[in-house]
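Given the structure is predicted, the values throughout are model-derived calculations rather than measurements. Proteins get letters first, then strands, A, B, ... in listed order; numbering begins at 1 in each. Worth knowing before you read on, the calculation uses all heavy atoms, side chains too, and leaves out hydrogens, waters and symmetry mates.
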Number of protein chains: 2
Amino acid sequence: MLRVMASQRDQPLSFDDWVEAGFALLAEGGFDALRIGRLCERLNVTKGSFYWHFADIQAYRAALVDSWTELRAADRRRLISMGDVDPRERLARMMGMLARPDHWSVERVMRAWALTDDRVGESVRRGDQRVFAAVLQAFTDYGFEPGDAALRSGLLFGAGLGLLHGSDPAVDASPEVRERLLEFLLRD
Amino acid sequence: MLRVMASQRDQPLSFDDWVEAGFALLAEGGFDALRIGRLCERLNVTKGSFYWHFADIQAYRAALVDSWTELRAADRRRLISMGDVDPRERLARMMGMLARPDHWSVERVMRAWALTDDRVGESVRRGDQRVFAAVLQAFTDYGFEPGDAALRSGLLFGAGLGLLHGSDPAVDASPEVRERLLEFLLRD
DNA sequence: ACCTGAACACCGTTCAAGT
DNA sequence: ACCTGAACACCGTTCAAGT
């Protein structure tokens, strides 16, 4: 952050410079704006520089995914550390965190990569498992027996994933809908 | 089907020959096995032939998506024509149709394309809307008031999408789970 | 340690020319 | 109408050489 501009480099590029530039490209042009050539253009280096820092583009994508996971780790830790909070309130907060469309575009890109890239797939899978575990825990703490808790948490988690992948971007979960949803899922 | 082998062509390639070869490639190598070069190799023609039949690769993908939609049109028509069947049975059948992993890989590819290709996105969106409408109708016919029917059908549809995109391929909806799910979603 | 510069393979695309 | 063959631009990748 102390560096004024990337355009006039005085120091060599860091790992983070590359990652940062990658997210910028993704945010601007989406999915297939992430090309090695454009990255180098933006960082004022040649492609050879890219290949000194990363083995190939899959390794670079893995680095982006790791960074993304890291960025969201704070969120996840908050989820897990909410063990003392009332389960219902916990679930409401989880839903609020998930329903953030600004994160969705990156999430969708990650999951699209996961289709062809095993490293990305593994990372996404781990993240999903942690979130699901937190949701399941909340339902269990609420007092449901294991089978019932699994059904309800699976439904909620699946619906969240579905919302993320929904083809209609206009569909989003308003606070009112989320409240009614929670009400429904927590009934005896 | 009368043609013995594509390897020794006597007639010019048809539109369907290209589409068929495309699905074969997708089924064999998945996502990024669909390359113009490989297609031509398989069909024993040069790339120029491809460009006589299709404007570019996006048009070709659109053709694949259309064909896929067409293939599933029979399923959808069955869904819609089930208006006379008991709503609960209707929903059970819909869930059975959705829970077919053999369709998932293609579905996922379509939805990944939809991220960057507007034509594909539009097609996927239309398909989703039709299915959702059928689900909503079933809940309405079951006797739920509009708001309640919307909530429950949204939950079911979202969970279905979530299952489709779930990062863990081991998770599938067994008949027992589907039965319990339906039970839960149809409670008063 | 970090990067340049030039090369190479691969892929999508174009197009004049063939039958 | 349908396809060949050759060209071109673009992109990922490699690597010897520079500082």
Quickly work out the [X] [atom1] to [N] [atom2] distance and round it to whole Å.
X: Arg61(B); N: dG12(C); atom1: CZ; atom2: P; result: 9 Å
X: Asp56(B); N: dT13(C); atom1: CG; atom2: P; result: 5 Å
X: Gln58(A); N: dT13(D); atom1: CD; atom2: C1'; result: 12 Å
X: Asp17(B); N: dC2(D); atom1: CG; atom2: P; result: 11 Å
X: Asp32(A); N: dC10(D); atom1: CG; atom2: C1'; result: 13 Å
X: Arg38(B); N: dA9(C); atom1: CZ; atom2: P; result: 18 Å
X: Phe15(A); N: dA1(C); atom1: CZ; atom2: C1'; result: 16 Å
X: Leu43(B); N: dC3(D); atom1: CG; atom2: C1'; result: 13 Å

What nucleotide, of [options], holds the atom closest to the side chain of [X]?
X: Trp52(B); options: dA1(D), dT4(D), dT13(D); answer: dA1(D)
X: Ile57(B); options: dG12(C), dT4(D), dG5(C); answer: dG12(C)
X: Ile36(B); options: dC2(D), dG12(D), dG12(C); answer: dG12(C)
X: Thr46(A); options: dG12(C), dC3(D), dG5(C); answer: dG5(C)

Report task. For Gln58(B) and Trp113(B), test the side chains for any donor-to-acceptor distance below 3.5 angstrom and give the result as yes or no. Result -> no
Requested in this report: Go through the N and O atoms of the side chain of Lys47(A) and the base of dG12(D), and report whether any donor-acceptor pair is under 3.5 Å.
Outcome: yes
Report task. Indicate if Leu155(B) and Tyr142(A) have the same hydrophobic cluster label, given that clusters are the connected sets of ILVMFWY residues with side-chain heavy-atom separations under 4.5 angstrom. Result -> yes
According to a strict under-4.0 Å criterion, is [X] in side-chain N/O contact with OP1 or OP2 of [N]?
X: Tyr51(A); N: dT14(D); value: no
X: Arg35(A); N: dC10(D); value: no
X: His53(A); N: dA1(C); value: no

Report task. Name the pairing partner of dA9(D), where a pair is Watson-Crick or G-U wobble with both distances under 3.5 Å, or state none. Result -> none
Requested in this report: Could you tell me which nucleotide pairs with dC3(D) by Watson-Crick or G-U wobble geometry, both distances under 3.5 Å, or answer none if nothing does?
Outcome: none
Requested in this report: Give one of base, sugar-phosphate or nothing for Gly48(A), where a contact means two heavy atoms less than 4.0 Å apart.
Outcome: base
Query raised in the report: Does Ser14(A) offer a backbone N or O that forms a donor-acceptor pair with the side chain of Asp17(A) under 3.5 Å?
Result: yes
Report task. Determine whether the aromatic ring centres of Tyr60(A) and Phe15(A) lie less than 6.0 Å apart. Result -> no
Report task. Using the six-membered ring wherever Trp is involved, compare the ring planes of Phe132(A) and Phe157(A) and label them parallel, tilted or perpendicular (cut-offs 30° and 60°). Result -> perpendicular
